[in-house]
Protein chains: 2
Amino acid sequence: MTTHMDMDNPLDLFEGLEDQDKAAILKSGHTVHCRPGQPLFNQGDPAKRCFMVIRGRLKLSKLHEQGKEAIIRYIGPDETTAALAVFKGRRYPVTARAVGDTLVVAWDKATMDHLIANHPALARNLLHMTLERLEDIQTRYLELRTEMVEQRIARALLRIMQHAGRRTDDGILINLPLSRQDLADYSGTTLYTVSRTLSAWEKRGWVRSGRERIVVADPHALVLFSEKG
Amino acid sequence: MTTHMDMDNPLDLFEGLEDQDKAAILKSGHTVHCRPGQPLFNQGDPAKRCFMVIRGRLKLSKLHEQGKEAIIRYIGPDETTAALAVFKGRRYPVTARAVGDTLVVAWDKATMDHLIANHPALARNLLHMTLERLEDIQTRYLELRTEMVEQRIARALLRIMQHAGRRTDDGILINLPLSRQDLADYSGTTLYTVSRTLSAWEKRGWVRSGRERIVVADPHALVLFSEKG
DNA sequence: AATCCTGCTTGCGCCAGCGCAAAGACACAC
DNA sequence: GTGTGTCTTTGCGCTGGCGCAAGCAGGATT
C-alpha cells in the first residue's frame, strides 16, 4: 500500500501506483538482456516496444550521415525510454546501446495501450518524465549555442556524474565506461579537445582519469567553471 | 459530431474530442490579447497558466546570461504552449513573446487539471504534441553539432517556411516579421553570418529579402542545399 | 524634406577549436 | 612475455565564422 503521491517530481514511471499494480505491470513485460555495446534498438526502426532499465545502463544517441553522433542521454535503472515513440507508433528517433551488461523490461504497443487505459497515473507520469527531458535537451541546445567548448565539457561531465557518480576516497567516480569520444559526443566537441581539456584539468587537480574512466576530484571547482567559464 | 479519431498524428490539442467539448473547453479559458513584441510570459516565472494561440504567433526563446538567445520554436494558431509546465506546476523554461498582434486562450492549472481529468484525450494529445517537440529539438540539437552554419540557416528558413509560409507569385513568403537576428537565433549563428548568407543566396536567385521580410524563391534549391551542404 | 530609428550590409582581422599524424599507454588474449 | 587492438595524448597548421566598425537603406514622425 506504499504510495508516493506526495512527491512532486516523479521521475519514476510508477509514481502514485500501488506496489501490486507495479508488480503486475512489470510482469506484463518481457525481460531482455543486452551485452555491453549491443544495440537494443536502432534509430529509424519501427518503434514496436518500449523499455525500462532494471540493471545496467543504456546510451541513447542520434546519428547524422557520415557517422557523426550526438549522445542524447543515458538511461539508468528505473528509467524508461521509447515510451512515447511506441505510444505513438512511430520510428525510434535515436539508437539505444547497452553500456556494460544491461537488463531491461520491454512492453509492446498493445500492452502499453492497455496499461495506460487501466492506469491513468502512467500517462501522467509519462508526461512528467517527458517534460523533464524536453527541458533538459532545450537547455543543452542553448548551452551548445552559447558556451565555450571547455564549459560544455564541464557541464557534460557534471551531468553524467549526477546520473552515474559514486563517492570514493579520491572523489566521485563516473561509474560507467566513458571514453573521450563519448564525452565529446555528449558535449558537442571532438575527441582531441576532450583529451586536451581533461589533461589540463588533471594538472589543476580537478579530475583524475584513465582509459574510459574518470574520477572528479574537485566537483566544486568544476561547477564554478561550468557556470562562469 | 465531427471527430478526427482516424488521424494518426494529432498536432491538435482537441483531436478526438467532440465539437461541443471543444467549445466548452475553449470557453473555460480566458482570452488574452498581446501587442507585437509583448511578452506573454517570461522564462523563470512560476507557470500559472498555459496557452493556445487563436490568431497571430508566439516566439518561444530561451535566454542565456549576457543576452544570448536561442529561439526554440514559433507557436501558431491552434498550437499550445506551456501545457506541460503548468501541468507540473513548474516555472516557464522559456520566454514567449507575441510576433505581430496575437490572441491566445489561457487556462490556469486548476482548470487544466479539471479538464484533463474529464477528457482523457487531452492527456493523450499533450503526450503526442510533446513527443513531436522533443523529436524536433533533438534533431536540431544534432544538426547544430554537426552541420555547417549555412546549412543550418537553410534548415531554419525551411522550417519557418513550412510553419508560416504563404504562396505568392514570387515564391513562398515568410508571413511574419523575421529579422536577421531572429534567423540567427533560430539557426545558432550570428546576425552577420545570416546577412552574408542571405546576400549570397539572393545572388543565386534562391531568395529575395528585405527588412524583416524574406521570400523563398527557389525552395527546391534550398532543400537540396540543406541536405547535402 | 529633413530627421531619426532601427535594421541590414560588408570589409577585415582574429582565434577557438578542429583534425591529421604519430607516438604512447593500457587491457586482454594466447 | 609477446602480440594486438583500442584508447589516449600532444604537436602543429589551418580555417570557419565571429564580431567590430563603418556605412547604407527604408519606414515612420515631425
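Chain identifiers are assigned alphabetically (A, B, ...) following the order of the sequence lines, protein sequences preceding nucleic acid strands; residue numbering begins at 1 within each chain.
- If you measure from atom CZ of R213(A) to atom C1' of dT8(D), you get 14 Å, rounded to the nearest angstrom.
- To the nearest angstrom, C1' of dC28(C) lies 13 Å from CD of E212(A).
- With E202(A) contributing its side chain and S209(A) its backbone, the two residues share a donor-acceptor pair below 3.5 Å.
- Less than 4.0 Å separates DNA chain D from at least one heavy atom of each of the following residues of residues 186-197 of chain B: T189(B), T190(B), Y192(B), T193(B), R196(B).
- A donor atom on one side chain and an acceptor atom on the other are found under 3.5 Å apart for D101(B) and H33(B).
- Over its full length, the helix from dA1(C)-dT30(D) to dC30(C)-dG1(D) turns its helical axis through 40°, comparing axes from the five pairs at each end and rounding to 10°.
- When the P atom of dC18(C) is taken as reference, atom CD of Q181(A) falls 12 Å away, rounded to whole Å.
- Atom-to-atom, CZ of R180(A) to C1' of dT6(D) comes out at 13 Å; the value is rounded to the nearest Å.
- Remark: C1' of dG19(D) and CG of D185(B) are 15 Å apart, rounded to the nearest angstrom.
- Aromatic ring centres of W206(A) and F225(A): separated by under 6.0 Å.
- R208(A) CZ: 12 or fewer foreign heavy atoms inside a 6.0 Å radius.
- At a cut-off of 3.5 Å, with distance as the only test, no side-chain donor of H64(B) or E143(A) sits close to an acceptor on the other residue.
- Side-chain contact annotation: E69(A) with S61(A), donor-acceptor N/O pair under 3.5 Å present.
- Close to dA25(C), at under 4.0 Å from its OP1 or OP2, lies no side-chain N or O of R211(A).
- If you take CZ of R208(A) and C1' of dC26(C), they are 15 Å apart, rounded to a whole angstrom.
- With hydrogens and angles ignored, the 3.5 Å screen pairs a side-chain donor or acceptor of Q38(B) with a backbone N or O of R35(B).
- With S187(B) contributing its side chain and A156(B) its backbone, the two residues share no donor-acceptor pair below 3.5 Å.
- For W107(B) (side chain) and I25(B) (main-chain N/O), a donor-acceptor pair under 3.5 Å exists by modelled atom type.
- Here the two rings, on Y141(A) and Y141(B), have centers that are 6.0 Å apart or farther.
- Computed from coordinates, the E202(A) CD to dT9(D) P distance equals 8 Å when rounded to whole Å.
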Q: For R90(A) and E135(B), run salt bridge (Lys or Arg N to Asp or Glu O under 4.0 Å): C-alpha distance rounded to whole Å, both residues' side-chain angles, the deciding distance at 0.1 Å, then the answer.
A: CA-CA 11 Å; R90(A) 287 289 203 79; E135(B) 289 189 7; 3.3 Å; yes

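- Using a 4.0 Å cutoff on non-hydrogen atoms, the parts of residues 140-152 of chain A near DNA chain C are M148(A), V149(A), ordered by number.
- Regarding I214(A), its CD1 atom lies at a distance of 14 Å from the C1' atom of dT9(D), rounded to whole Å.
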